[in-house]
2 protein chains.
Amino acid sequence: MTTVLDRLLLVTTLLGDDMTGALEREGLTTARTHLLWQLVMLGPSTQQALAVALDVTPRNVTGLVDGLEQTGFVTREPHPSDRRAILVTPTERAATLMARMQGEHAELSIALVEGLSPREVVAFEAALDVVTANLQRLLAEQP
Amino acid sequence: MTTVLDRLLLVTTLLGDDMTGALEREGLTTARTHLLWQLVMLGPSTQQALAVALDVTPRNVTGLVDGLEQTGFVTREPHPSDRRAILVTPTERAATLMARMQGEHAELSIALVEGLSPREVVAFEAALDVVTANLQRLLAEQP
DNA sequence: TATTGTTATACTCTATAACTATA
DNA sequence: TATAGTTATAGAGTATAACAATA
């Protein structure tokens with residue numbers, strides 16, 4: 001019997017494949033894209049701030065920024081008032097790409113529910129929220 | 001505005017966290033568990049067969065089997081008729097664990113839809129199937 | 001000649017610990 | 001003394017290419 005969980009896991013796999021493929025074509029990975037996404041939202045940030053935002057170690061951020069720098073998505077700029085720190089700054093290319101990806105995200109949002117009536121979409125969203133709440137409760141109970 | 005896609009991505013993240021945490025407690029990773037899962041379904045298999053089933057390179061399978069062997073989940077047995085090949089075989093421990101995880105999977109399936117009526121669950125499953133089909137079509141169109 | 005698995009090499013993501021420069 | 005970032009080291013997952021043993 002195929003359950004809700006089975007279906008969700010399948011969607012998870014498919015979404016992951018779709019995202020990974022799209023990013024690969026742009027010379028990005030999921031981890032680097034997460035950083036870039038935070039960066040676009042936060043504006044130029046120290047690696048320390050990015051480590052907190054992404055919940056990874058500072059050392060990990062060093063590696064991700066290394067990769068993004070080499071591929072032209074960010075630059076390391078001196079911090080104006082703290083000579084220990086660095087401001088990771090998105091390049092024009094990165095800003096353009098993130099904007100385009102936001103558009104594609106919106107398109108995918110629409111394409112995904114093609115074939116469902118507006119009422120069905122609303123019910124689907126409500127059900128997803130219930131499932132999300134259940135999951136979060138389970139995770140909080142024994143992590 | 002929070003879309004269906006946003007909600008699905010959130011569920012995806014939460015499910016991933018839940019699975020990763022549960023596996024970590026058992027000394028497993030997601031990649032190794034995928035192999036183990038296939039192995040339990042296929043029965044003792046050559047690494048070649050596993051590479052095909054998992055859609056990874058034979059070299060990758062060597063690494064995964066190395067890890068599973070060291071942690072006591074599989075053994076490498078000689079192939080009865082082909083001296084080039086190896087039969088990767090799940091240990092008793094692996095079989096027991098996979099059976100238990102199957103049970104936990106079933107429990108999670110139920111806990112996930114707590115608060116939804118049977119009719120809502122059916123509608124939810126149908127909507128998930130529509131979304132899955134849409135996703136698969138999009139992936140087939142330009143991969 | 002083709003297949004099975006391994007060694008060799010490389011890249012990415014991730015972590016901890018020790019160290020440097022600066023606050 | 002505390003903080004920001006790096007070097008050093010390590011493990012996991014992934015890939016390609018070359019090679020040995022066997023078919």
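Keep in mind that what you see is a predicted model, and the values were worked out from it rather than measured. A, B, ... follow the sequence lines: proteins, then strands. Residue 1 opens every chain.
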Give the rounded distance in Å between these two atoms: [atom1] of [X] and [atom2] of [N].
X	N	atom1	atom2	result
A:His79	D:dG5	NE2	C1'	13 Å
B:Ile86	D:dA21	CD1	P	15 Å
A:Leu54	D:dG5	CG	C1'	16 Å
B:Asp66	C:dG5	CG	P	13 Å
B:Glu77	C:dG5	CD	P	14 Å
A:Gln47	D:dT3	CD	P	17 Å
A:Asp82	C:dA21	CG	C1'	10 Å

Nearest-0.5 Å distance that lies between atom CG in B:Leu36 and atom CD in B:Glu26: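 These two atoms lie 11.0 Å from each other.
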Would you say [N] has OP1 or OP2 under 4.0 Å from some side-chain N or O of [X]?
X	N	result
B:Gln48	C:dT4	yes
B:Arg83	D:dA21	no
B:Thr62	C:dT6	yes
B:Arg76	C:dT4	no

Stepwise salt bridge (charged side-chain N to carboxylate O under 4.0 Å, His left out) check, A:Arg32 with A:Glu69: CA-CA 11 Å; A:Arg32 291 179 189 177; A:Glu69 198 178 30; over 6 Å; no
Distance-only side-chain donor-acceptor flag, A:Glu77 / A:Thr75, under 3.5 Å: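 Checked: A:Glu77/A:Thr75 side chains pair up, N/O donor to acceptor below 3.5 Å.
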Under 3.5 Å side-chain donor-acceptor pair for A:Thr57 and A:Asn60: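 Checked: A:Thr57/A:Asn60 side chains show no N/O donor-acceptor pair below 3.5 Å.
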Nearest to side-chain heavy atoms of B:Arg84, which nucleotide of C:dT3, D:dG5, C:dA23: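 Among C:dT3, D:dG5, C:dA23, the one nearest the side chain of B:Arg84 is C:dT3.
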Footprint string (nucleotides 8-16 of chain C, 5' to 3'): B base within contact, S backbone only, - free, heavy atoms under 4.0 Å: B---SSBBB
Nearest-nucleotide comparison on DNA chain C, the residue closer to the 5′ end among A:Ser81 and B:Ala85: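 The 5'-side residue here is B:Ala85.
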Closest approach of B:Arg93 to B:Gly72 (non-hydrogen atoms, all atoms of both residues):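 Answer, listing the atom of B:Arg93 first, then B:Gly72: CD-O, 4.0 Å.
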Other residues, nucleotides, ligands: >12 heavy atoms within 6.0 Å of B:Glu104 CD: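 Counting neighbours around CD of B:Glu104, more than 12 heavy atoms of other residues, nucleotides or ligands fall under 6.0 Å, so yes.
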Distance-only donor-acceptor hits, side chain of residues 131-138 of chain A, under 3.5 Å, sequence neighbours excluded:
| from | atom 1 | to | atom 2 | distance (Å) |
| --- | --- | --- | --- | --- |
| A:Thr132 | OG1 | A:Leu128 | O | 2.7 |
| A:Asn134 | OD1 | A:Arg137 | NH2 | 2.9 |
| A:Asn134 | ND2 | B:Ala111 | O | 3.4 |
| A:Asn134 | ND2 | B:Leu112 | O | 2.7 |
| A:Asn134 | ND2 | B:Glu114 | O | 2.9 |

